[in-house]
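Here's the structure we're looking at; comments come further down.
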Amino acid sequence: YSELAYFIGIFVLALGTALMEKADFGISMVVAPAYLIHLKVSEYIPFFSFGMSEYVFQAVLLIFLSLVMGKFKKSYLLSFATAFLYGTVLDIAMKVVSLFPYSGLVWQVIFYIAGLIICSVGVALLLHTYFPPEAYELAVKELSAKFNVTIGKTKTIYDCCSCALAIVLSLCFFKAFVGVKWGTIACAIIN
């Protein structure tokens, strides 16, 4: 069932991310930096989608991880393949969710809560497969092993760094909190 969990996990994670973006309360701190890069770059290159930004950002993260680890592993390429697949599915999910005719505060809350829960399920499914995870989870795993710190602590540090980077990017790019709102902070605390 590992293969099935992998593909369902990719789909579910993309759907949850798209729902959180539709809610406009702020998206997950993990994907927020890529989302902000997408928003800024797409002003100049209209076809630069959120999904493209995801796999480009994760490629940069894998390069950074290689430098910190002092070596490049073949599994990093497979992790990028997962990121590419996720980015492609994310673009499809964004288009599908944009077709939802619902709006207003009640629907925003529903989209946000559903997106948060669905993202958590997607990550859980992906972590229970033998396929290399996206760069985000791979970085946590690799750094945890290298520095002999528990995965829980490493994940918390990574999430805080990602959230801080998103805040900096939001303020630098837009001089306001765009994509990073109270929902991002709530997501960070809950996760």
Side-chain angles (χ1 to χ4, degrees), residues 1-18 20 27-42 45 47-94 118-166 168-169 179 184 187-188 191:
Y1 300 106
S2 189
E3 295 85 2
L4 186 60
Y6 176 79
F7 289 109
I8 291 173
I10 293 280
F11 172 77
V12 166
L13 187 58
L15 177 62
T17 301
M20 288 182 77
I27 59 175
S28 162
M29 64 285 171
V30 174
V31 299
Y35 180 67
L36 291 162
I37 292 167
H38 149 67
L39 290 177
K40 190 62 178 176
V41 172
S42 66
I45 305 172
F47 66 86
F48 190 76
S49 67
F50 186 11
M52 291 172 80
S53 184
E54 268 292 318
Y55 54 76
V56 168
F57 184 79
Q58 289 190 51
V60 171
L61 180 59
L62 288 169
I63 291 167
F64 177 75
L65 179 62
S66 297
L67 294 172
V68 170
M69 299 300 286
K71 60 183 171 184
F72 183 83
K73 297 180 181 178
K74 291 178 189 175
S75 63
Y76 295 0
L77 290 176
L78 296 173
S79 179
F80 178 76
T82 297
F84 183 82
L85 179 60
Y86 167 72
T88 303
V89 174
L90 176 59
D91 285 341
I92 294 167
M94 293 288 290
I118 290 170
C119 280
S120 297
V121 169
V123 170
L125 285 167
L126 288 171
L127 290 176
H128 287 89
T129 69
Y130 60 83
F131 291 99
E134 288 186 279
Y136 306 126
E137 288 81 20
L138 182 68
V140 168
K141 181 182 171 187
E142 293 282 305
L143 294 172
S144 171
K146 179 170 178 71
F147 296 109
N148 199 25
V149 178
T150 65
I151 286 186
K153 285 183 182 179
T154 306
K155 175 74 171 138
T156 299
I157 292 167
Y158 179 85
D159 287 353
C160 290
C161 290
S162 184
C163 191
L165 175 60
V168 168
L169 289 174
T184 305
C187 185
N191 285 334

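Computed from a predicted model, the values in this text were never measured in an experiment.
Phe84 pairs by the ring-ring contact (aromatic ring centres under 6.0 Å, His included) definition with Tyr55, not counting sequence neighbours. Residues passing the side-chain hydrogen bond (donor to acceptor under 3.5 Å, both in side chains) test with Ser49 are Asp91, sequence neighbours excluded. Scored by the side-chain contact (heavy atoms from CB on, under 4.5 Å) test, Ala188 finds Met29 as partners (sequence neighbours excluded). Residues passing the side-chain contact (heavy atoms from CB on, under 4.5 Å) test with Lys155, sequence neighbours excluded: Val30, Val140, Asp159. Annotation: side-chain hydrogen bond (donor to acceptor under 3.5 Å, both in side chains) contacts of Glu134 (sequence neighbours excluded): Gln58. Considering only residues two or more places apart in sequence or on other chains, Ala18 meets the side-chain contact (heavy atoms from CB on, under 4.5 Å) condition with Ala93, Met94, Val97. With sequence neighbours left out, the side-chain contact (heavy atoms from CB on, under 4.5 Å) criterion links Val41 to Ile37, Ile45, Phe48. Every ring-ring contact (aromatic ring centres under 6.0 Å, His included) that Phe72 has, sequence neighbours left out, goes to Tyr76. Residues that satisfy the salt bridge (charged side-chain N to carboxylate O under 4.0 Å, His left out) test with Glu142, not counting sequence neighbours, are Lys73.
Under the 3.5 Å distance criterion, the side-chain polar atoms of Ser2 are matched with a main-chain donor or acceptor of Tyr130.
Ser162 contributes atom OG, which lies 9.0 Å from atom CG of Leu61 (distance to the nearest 0.5 angstrom). If you take OG1 on Thr88 and CD on Glu54, they are separated by 11.0 Å, rounding to the nearest 0.5 Å. Put simply, CG on Leu165 and SG on Cys160 are 13.0 Å apart, with the number rounded to the nearest 0.5 Å.
Considering only heavy atoms from C-beta on, Thr184 stays 4.5 Å or farther from Ser28 through its side chain. Using a 4.5 Å heavy-atom cutoff, the side chains of Leu62 and Ser79 are in contact. Counting heavy atoms from C-beta on, the side chains of Leu126 and Glu137 never come closer than 4.5 Å. Side-chain contact between Val68 and Leu143: present, with at least one pair of heavy atoms (C-beta onward) separated by less than 4.5 Å.
Across all non-hydrogen atoms, the minimal contact from Pro132 to Ser75 is CB-O, 3.9 Å.
In the displayed structure, Lys141 atom NZ is contacted under 6.0 Å by at most 12 heavy atoms of other residues, nucleotides or ligands.
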With a cut-off of 3.5 Å and sequence neighbours excluded, list every side-chain donor-acceptor pair involving residues 6-14.
from : atom 1 : to    : atom 2 : distance (Å)
Tyr6 : OH     : Thr82 : OG1    : 2.8

Under 3.5 Å, which donor-acceptor pairs link side chains of residues 145-153 to any protein atom two or more places apart or in another chain?
from   : atom 1 : to     : atom 2 : distance (Å)
Thr150 : OG1    : Lys153 : N      : 3.2

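Identified under the salt bridge (Lys or Arg N to Asp or Glu O under 4.0 Å) test for residues 2-12, with sequence neighbours left out: none.
Screening Tyr86, Tyr35, Phe57 for a ring pair (Phe, Tyr, Trp, His ring centres under 6.0 Å) involving Phe50 leaves a single residue, Tyr35.
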